[in-house]
Amino acid sequence: MLAQFRMPALAITIGAAAAVVPVLSLVAPAQAAAAGHGGNGPTGAHTRALSVSNPVFAGYQANVAAGSTSSAAQYKLPKLSCTSAARAITPVAGVAVNNFATFSAAFVFVGCSSGKAVYFPALVINGTQTHFTTTNLAAGDAIKVSTKVTTTGTTVQVTDVTKAITKKLTGPGASANAAYAGDSDWVTSTNKLLGVPKFGTLTFTHCTVDGKTLASAHPTKIQRVNSSNVVQIATGALSRAGTTFATHFKHS
């Protein structure tokens, strides 16, 4: 099955993507918008009180001043309840760059392929994706993801703390516009958006923007909905400390 990870966008912009194994080929990431793919959606100030819906992302995103920024988070890979249907999400910490034209991100592919759960790390630098499909991770593994963007360089990293596996890439710099953490989407090579696997609850911890709490960046809370406006992934409130939130499976 051919697939890709992509970046949601709300003027704000979100996400990253991977591939279901076996990987036959990969396609370039496509930007997606709150009101349909290919645009930037609403603009303006965003606060913790603002909650919006998006067809491809659930989590939090904070706009930042153009320049340099970083995004980081931790989570445990959820156990999936798979059927024969191909479904996937990509838990990510990323940064939208160059006026939301593209993004850099670190994430793990979490999906169902041929009735089996599949997990592997992936990294994106300025839209160029690298997928480590032979690095098999597992439910329950503790994961750290981080993306750092400066005008002179970009660093993206996924670490499986449980298995002591780290994947890290560096590349050209860019101008950051937003930092985000949450569950992004997966689409096929024919641009078919895959449904959400039954993952239960996925809790993001140690969430930071520029080394400070996620809450301090006044992020927007976003839930994923389908074309019928049915909530697929609900996003919980930020913790009192401002570094933890959960996403909850609601509908495939």
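Hydrogens, waters and symmetry mates play no part in the numbers below; they use all other heavy atoms, side chains included.
- Screening residues 125-146 for salt bridge (charged side-chain N to carboxylate O under 4.0 Å, His left out), with sequence neighbours left out, gives Asp141-Lys163.
- Sorted by first then second residue, the salt bridge (charged side-chain N to carboxylate O under 4.0 Å, His left out) pairs that include residues 57-79, not counting sequence neighbours, number zero.
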Steps toward side-chain contact (heavy atoms from CB on, under 4.5 Å) verdict (Leu238, Leu214):
CA-CA 9 Å; Leu238 275 168; Leu214 175 60; 3.7 Å; yes
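- Between the side chains of Gln223 and Thr235, no donor-acceptor pair is found at a separation under 3.5 Å.
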Enumerate donor-acceptor pairs with a distance under 3.5 Å from any side-chain N or O in residues 245-252 to protein atoms, sequence neighbours excluded.
residue	atom	partner	partner atom	Å
Thr247	OG1	Asp183	OD2	2.6
Thr247	OG1	Leu202	O	3.3
His248	ND1	Thr201	OG1	3.0
Ser252	OG	Val196	O	3.0

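- For Ser228, the side chain to side chain contact (heavy atoms under 4.5 Å, CB included) criterion is met by Asn226, Val230, not counting sequence neighbours.
- Residues passing the side-chain hydrogen bond (donor to acceptor under 3.5 Å, both in side chains) test with Thr166, sequence neighbours excluded: Thr159.
- The side-chain heavy atoms of Asn54 and Arg224, taken from C-beta on, include no pair separated by under 4.5 Å.
- Under a 3.5 Å cut-off, the side chain of Thr90 and the backbone N or O of Asp185 do form a donor-acceptor pair.
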I would like to know whether Leu77 and Ile143 meet side-chain contact (heavy atoms from CB on, under 4.5 Å); could you show each step before the answer?
CA-CA 7 Å; Leu77 293 176; Ile143 303 296; 3.7 Å; yes
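- The CG atom of Leu80 sits 5.0 Å away from the SG atom of Cys112 when rounded to the nearest 0.5 Å.
- The NZ atom of Lys168 sits 5.5 Å away from the CD atom of Gln157 when rounded to the nearest 0.5 Å.
- Annotation for Pro91 and Val110: closest pair CD-CG2, 3.7 Å, computed over non-hydrogen atoms.
- Residues Val97 and Ala174 share a closest heavy-atom pair of CB-CB, 3.8 Å.
- One finds the OG atom of Ser53 at 5.5 Å from the CG atom of Asn229 (value rounded to the nearest 0.5 Å).
- Applying the ring-ring contact (aromatic ring centres under 6.0 Å, His included) rule to pairs touching residues 150-174 yields nothing, sequence neighbours excluded.
- In terms of modelled atom types and a separation under 3.5 Å, the side chain of Thr162 and the main chain of Ala142 share a donor-acceptor contact.
- Distance check: Ile165 CD1 to Phe132 CZ gives 11.5 Å after rounding to the nearest 0.5 Å.
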Which side-chain N or O atoms in residues 118-127 pair as donor and acceptor under 3.5 Å with protein atoms at least two apart or in another chain?
residue	atom	partner	partner atom	Å
Tyr119	OH	Pro78	O	2.6
Asn126	ND2	Pro172	O	3.2

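- Looking at Thr130, Thr135, Asp160, Val108 one by one, the single match for side-chain contact (heavy atoms from CB on, under 4.5 Å) with Lys167 turns out to be Thr135.
- Taking both residues in full, the closest heavy atoms of Ala73 and Ala181 are given as CB-CB, 4.3 Å, listed atom of the first, atom of the second, then distance.
- In terms of heavy-atom proximity, Cys82 sits nearest to Gly115 at CB-O, 3.5 Å.
- Summarising the geometry, atom CG belonging to Leu169 is positioned 10.5 Å from atom OG1 belonging to Thr128; distances are rounded to the nearest 0.5 Å.
- Every pair passing ring-ring contact (aromatic ring centres under 6.0 Å, His included) that includes a residue from residues 70-96 is listed here, sequence neighbours excluded: Tyr75-Phe204.
- Residues forming a side chain to side chain contact (heavy atoms under 4.5 Å, CB included) with Ser71 (at least two apart in sequence, or on another chain): Ala93, Val95, Ala179.
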For Val156 and Ser104: C-alpha separation, side-chain torsions, deciding distance, then whether side-chain contact (heavy atoms from CB on, under 4.5 Å) applies.
CA-CA 7 Å; Val156 287; Ser104 292; 4.2 Å; yes
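- One distance of note links CG of Leu194 with CZ of Arg87; it measures 9.5 Å at 0.5 Å rounding.
- Closest of all the heavy-atom pairs between Ala178 and Asn63 is CB-OD1, 3.7 Å.
- Within the structure, salt bridge (charged side-chain N to carboxylate O under 4.0 Å, His left out) pairs that include any residue of residues 194-214 do not occur (at least two apart or interchain).
- Annotation for Val225: hydrophobic cluster partners, listed by chain and number, are Val231 (ILVMFWY side-chain heavy atoms under 4.5 Å, direct or chained).
- The stretch residues 162-252 participates, sequence neighbours left out, in no disulfide (SG to SG under 2.5 Å) pair at all.
- Between Val92 and Phe57 the shortest side-chain heavy-atom distance falls below 4.5 Å.
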Show your working on side-chain contact (heavy atoms from CB on, under 4.5 Å) between Val52 and Thr220 and close with a plain yes or no.
CA-CA 8 Å; Val52 298; Thr220 300; 3.8 Å; yes
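- When all heavy atoms of Ala106 and Val158 are compared, the pair lying nearest together is CB-CG2, 3.7 Å.
- Put simply, the side chain of Ile89 reaches to within 4.5 Å of the side chain of Ile233, judged on heavy atoms.
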